[in-house]
Structures are given as structure tokens and as C-alpha cells.
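Beneath this line is the structure, given in C-alpha cells, with notes to follow.
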Amino acid sequence: MQGLAELVGKLEPLLAGRRLNRIVDLLSVTADLVDMSDAYMIEKLAKAYEETTGALWTAGNAVRMANAQVSQMQETPSLFGLVRMARDEDVRRGLTFMLSVAGVLGKQMAQPPLDGTAD
């Protein structure tokens with residue numbers, strides 16, 4: 001009985017501040033996630049993690065390599081120097097990628113925002 005009384009004493013502030021309800025809700029969500037997870041969901045999450053990690057690694061490498069190239073330049077290229085850089089096939093491929101991403105973002109921005117209050 002003494003142990004139960006100590007436990008109730010420790011739970012009393014949680015009950016008064018309604019924090020125990022949040023803990024119970026968190027445990028409920030965790031139990032639901034465990035119930036929902038199956039092999040397919042775990043494979044899907046693992047694939048998403050791998051793809052995200054790969055994309056971040058690739059982007060990080062590109063930034064480091066570009067930083068090294070720019071820091072080795074003696075002077076900033078002129079406008080014509082930038083146009084000369086565009087002769088390089090890799091530069092054009094990178095610009096095409098960046099402009100394609102900008103086009104997709106622009107298309108998404110043209111859509112009206114979702115109205116979460118509408119029924």
C-alpha cells in the first residue's frame with residue numbers, strides 16, 4: 001500500500017496539469033504505429049531513408065566540389081566568362097536541372113493554397 005501511495009503522490013502533479021492525458025495519448029499513438037507497421041511499411045520507410053540520404057550526400061558533395069572550384073578562382077568571372085562556362089556540357093546539364101526544379105516549384109506555387117477550413 002505504501003508503494004501505491006507513493007505512486008499516486010508522483011502522479012498527482014501529472015493529473016493536476018493534465019499531462020498524464022498527453023502521456024497516455026502518446027503511448028496510444030505509439031501502440032497504433034506498432035500495430036500498423038508491417039514488412040511492406042518498413043521496406044518503404046527504409047527505401048525513403050536511403051533515397052533521402054543519397055540525395056543529401058550527392059548535394060553535399062556537389063556543394064563541396066563547387067566550393068573548392070570557386071575558391072581556387074583567381075578572380076570572379078565576368079558575364080562573358082559565365083557564358084563561356086555554359087559551353088561545358090556538365091554546366092548546361094546542371095543548369096537544366098536547376099531550371100527544371102524552378103519550373104516545378106513555380107507550377108506548385110501557381111496553385112491556390114489548400115483551404116483547411118472548408119468542409
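Every value quoted in this text rests on a predicted model; they were computed, and no experiment measured them. Every heavy atom of this structure was used, including side-chain atoms; hydrogens, water molecules and symmetry mates were not.
Atom-to-atom distance recorded for Glu6:CD and Leu4:CG is 10.0 Å, nearest 0.5 angstrom. With rounding to the nearest 0.5 angstrom, the CE atom of Met85 is 11.0 Å from the CG atom of Asp90. Considering OG of Ser78 and CZ of Arg84, their distance stands at 5.5 Å, rounded to 0.5 Å.
Through direct or relayed side-chain contacts under 4.5 Å between Ile, Leu, Val, Met, Phe, Trp and Tyr, Leu95 connects to Val91.
Between Arg93 and Glu89 there is a salt bridge, since at least one side-chain N of the basic residue sits less than 4.0 Å from a carboxylate O of the acidic one.
Connection of Ile23 to Leu11 is established within a shared hydrophobic cluster, with ILVMFWY side chains joined at heavy-atom distances below 4.5 Å, either directly or through further cluster members. Ile42 and Leu45 fall into different hydrophobic clusters, where Ile, Leu, Val, Met, Phe, Trp and Tyr residues are linked whenever their side-chain heavy atoms come under 4.5 Å apart, directly or through other members. The hydrophobic clustering, which links ILVMFWY residues whose side-chain heavy atoms are closer than 4.5 Å, places Leu20 and Val8 apart.
Smallest separation of non-hydrogen atoms from Arg87 and Arg92: O-NH1, 2.6 Å. In terms of heavy atoms, Ala68 sits closest to Ser71 at O-OG, 3.0 Å. Here the closest heavy-atom approach between residue Met36 and residue Met41 is recorded as O-SD, 3.9 Å.
When side chains are defined from C-beta on, Val24 does not count as touching Ser28, because their heavy atoms never get closer than 4.5 Å.
No more than 12 heavy atoms of other residues, nucleotides or ligands lie within 6.0 Å of CZ in Arg22, so this atom counts as exposed by the packing criterion. Other residues, nucleotides and ligands contribute only 12 or fewer heavy atoms inside 6.0 Å of the CE atom of Met109.
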How far apart are the C-alpha atoms of Glu12 and Leu15, what are their side-chain angles, what is the distance that settles it, and do they pass the side chain to side chain contact (heavy atoms under 4.5 Å, CB included) test? CA-CA 5 Å; Glu12 202 169 303; Leu15 289 169; 5.7 Å; no

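Asn61 and Arg64 share a donor-acceptor pair across their side chains, judged by distance under 3.5 Å alone.
Judged by distance alone, the side chain of Thr30 and the main-chain N or O of Leu26 form a donor-acceptor pair under 3.5 Å.
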